[in-house]
Amino acid sequence: MVTGMDILYSSTRNDEKRIPASQAILKGLSEDGGLFVPDRIPELDRPLKDMTDMSYQEIAYEVMKLYLTDFTEEELKNCIGRAYDSKFDTEEIAPLAEADHAYYLELFHGATIAFKDMALSILPHLMITAAKKNHVEEEIVILTATSGDTGKAALAGFADVEGTKIIVFYPKNGVSPIQEKQMVTQKGKNTFVIGIHGNFDDAQTGVKNIFSDRELEEKMLGKGFRFSSANSINIGRLVPQIVYYVYAYVKLLQHGKIDDGEEMNVVVPTGNFGNILAAFYAKNMGVPIAKLICASNENKVLYDFFRTGSYDRNREFVLTSSPSMDILISSNLERLIYRIAGNDARKNAEFMAALSQDGEYRITEEMGTQLKDFYGNYAGEQETADRIRELYEKTGYIIDTHTAVASVVCRKYQEETGDMRKTVIASTASPFKFTRSVMNAIDSKYDSMTDFELVDELSGLANVKVPNAIEEIRTAAVLHHTVCEKDEMKEAVEKILGI
């Protein structure tokens, strides 16, 4: 039964059909290639100051119940309880660390030491619950492209989950050695990892093409399979990410670091735009966020977009020390474009068609005025390394390359505007995931060490225990050896499924 309070979801490219949250999570991507968006952004139904004694799990329920309105309280609390448990190495789940006048929201305490765990720990449970609710009998095949972190987090989340298979494509030479080792050593009878000769955008485009292949879909249904996605295009990934921005504000309130109602700024290192979009949703729910600061690396397509109103992916693809942001097609930006186009699916579809055909679109001046709460900038490779070293020398706190990009952009924003509001920086990965880049930034003398010698050295420097995620792969056997060309992805999927 649908009530007036229920939130329904429609495609950013065709908003005539509306479906409940559980069906949007199961589908992942709409048939027309669009992304599912809620018909409205709900407001928090209790004051933030009343949440200060709540656990992460309790705040997660307060946020997610407003979006996933066709899940019962019992179903949702069960999913949350199974997601945010001892897989995380801290009871806080997402602690705030204060360093050099900023608050680093540590989103890397999950099983794979990157922020993707925050959503991918819960997505399998949401998906299985959604399948039961909708009487789905086919086996769900999770198909995902990764720029490094989503892949491992999705593999860990779905490994041996009954009724699912997971296939992850990654750019063979576009992820860090630790990221690759994490993926190719993944256990689980239902897990499949494939390297492609190409970059992340090639992998993501290939996955989108497979999703929109109707002939393949028919073939799969005939064999008892259906596709879904664990990429950040899935609304079941986006909603859990909203939670930690609410949590961050509540924690600042609880510890007297901010006054009730006082605005904070949020800085997010972003490639696919999902994480900062979650902050935008949190702001629109009533969290006092002033500026949404979008930090890019040298693949600065988003910086250029916020500066000029033109989104142009026709440029050289740069491999950087922050590989999870080496992206030129920011999929989740489409949800924002749809919104600033006045929730006009037809208009949005025209922009996306231009992006697909010409690699570029330009928003109208009127749309641009709705982006005033966003600020974009970028950090070069040297600036990123310098910031890691500087922060370590000044405070002893060690951050990874992606977080360093955000930290550089935070400073650029403050110098440019003089805005010194309390600032939360999304710390999206553990420095242990990018040890070579991090340790070389601190001192070039470390370059002669092996990856795992660097891990131990970093542990000593940072005075932090080596995370389990790293300990596990020291001696783990490589279980996945498949590599294919970027135009062979569909055949690789068919071979795995035996169709």
Side-chain angles (χ1 to χ4, degrees), residues 9 21-30 35-36 64 68 79 82-84 87 107 110-112 114-131 136 138-171 175 179 182-183 186-188 190-194 196 200 203-212 220 225-243 271-275 277-278 324 327 331-332 335 428 480 489 492-493 496-497:
Y9 291 80
S22 61
Q23 289 177 25
I25 288 169
L26 277 176
K27 281 176 178 286
L29 192 67
S30 176
L35 279 59
F36 288 110
M64 292 172 69
L68 310 182
C79 290
R82 293 174 79 169
Y84 304 113
K87 289 191 289 296
L107 300 171
T112 75
F115 84 102
K116 308 289 171 80
D117 290 323
M118 302 301 293
L120 283 163
S121 295
I122 194 167
L123 184 63
H125 304 294
L126 293 174
M127 211 167 255
I128 296 305
T129 306
V136 169
E138 294 89 14
E139 188 165 10
I140 296 168
V141 179
I142 303 297
L143 191 62
T144 286
T146 185
S147 54
D149 288 337
T150 288
K152 174 59 183 180
L155 288 161
F158 282 93
D160 292 325
V161 170
E162 211 174 313
T164 69
K165 279 186 168 56
I166 175 161
I167 304 170
V168 169
F169 289 98
Y170 74 98
V175 299
Q179 284 177 314
Q182 280 189 302
M183 286 190 279
Q186 177 65 52
K187 294 175 182 168
N190 65 337
T191 63
F192 303 89
V193 180
I194 302 171
I196 69 155
F200 170 71
Q204 183 164 254
T205 300
V207 164
K208 282 185 171 179
N209 290 342
I210 293 169
F211 268 114
S212 55
M220 286 183 58
F225 297 114
R226 68 155 63 198
F227 278 136
S228 192
S229 169
N231 273 68
S232 59
I233 51 177
N234 193 315
I235 198 71
R237 277 276 305 273
L238 185 64
V239 170
Q241 290 183 266
I242 300 166
V243 175
N272 226 359
F273 206 74
N275 202 350
L277 185 73
S324 300
I327 293 171
S331 289
N332 267 289
R335 286 186 166 113
T428 52
H480 304 273
M489 290 168 63
V493 169
I496 286 167
L497 300 179

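Looking at heavy atoms from C-beta onward, V493 lies in side-chain contact with F169 at the 4.5 angstrom threshold. Residues E139 and F225 have side chains in contact (heavy-atom distance under 4.5 Å, counting atoms from C-beta outward). Counting heavy atoms from C-beta on, the side chains of P240 and Y84 come closer than 4.5 Å. Within the 4.5 Å cutoff, no side-chain heavy atoms of M127 are placed close to those of V161. Here the side chains of K165 and I142 are not in contact, with every heavy-atom distance at 4.5 Å or above. Using a 4.5 Å cut-off on side-chain heavy atoms (C-beta onward), F115 and Q241 make contact. Residues F158 and I140 fail the side-chain proximity criterion, which asks for heavy atoms closer than 4.5 Å. Side chains of L155 and I166 form a contact here, defined as non-hydrogen atoms less than 4.5 Å apart.
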Exercise. How far apart are the C-alpha atoms of V239 and I25, what are their side-chain angles, what is the distance that settles it, and do they pass the side-chain contact (heavy atoms from CB on, under 4.5 Å) test?
Worked result: CA-CA 10 Å; V239 170; I25 288 169; over 6 Å; no
For this session: Kindly indicate, with the supporting measurements, whether the criterion side-chain contact (heavy atoms from CB on, under 4.5 Å) is fulfilled by T191 and H480.
Result: CA-CA 9 Å; T191 63; H480 304 273; 3.6 Å; yes
For this session: May I have the step-by-step check of side-chain contact (heavy atoms from CB on, under 4.5 Å) for C79 and M64, ending in yes or no?
Result: CA-CA 11 Å; C79 290; M64 292 172 69; over 6 Å; no
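To the nearest 0.5 Å, atoms CZ (F192) and CD1 (I167) are separated by 6.5 Å.
K152 and Q186 are linked by a side-chain donor-acceptor pair at a separation below 3.5 angstrom, with hydrogens and angles left out of the test. If you check the side chains of R335 and N332, you find a donor sitting under 3.5 Å from an acceptor. N272 and Q204 form a side-chain donor-acceptor contact under 3.5 Å, judged by distance and modelled atom types alone.
Annotation: side chain to side chain donor-acceptor pair (under 3.5 Å) contacts involving residues 116-129, sequence neighbours excluded, comprise T112-D117, K116-T150.
Taking each heavy atom of S147 and I327 in turn, the nearest pair found is OG-CD1, 4.0 Å.
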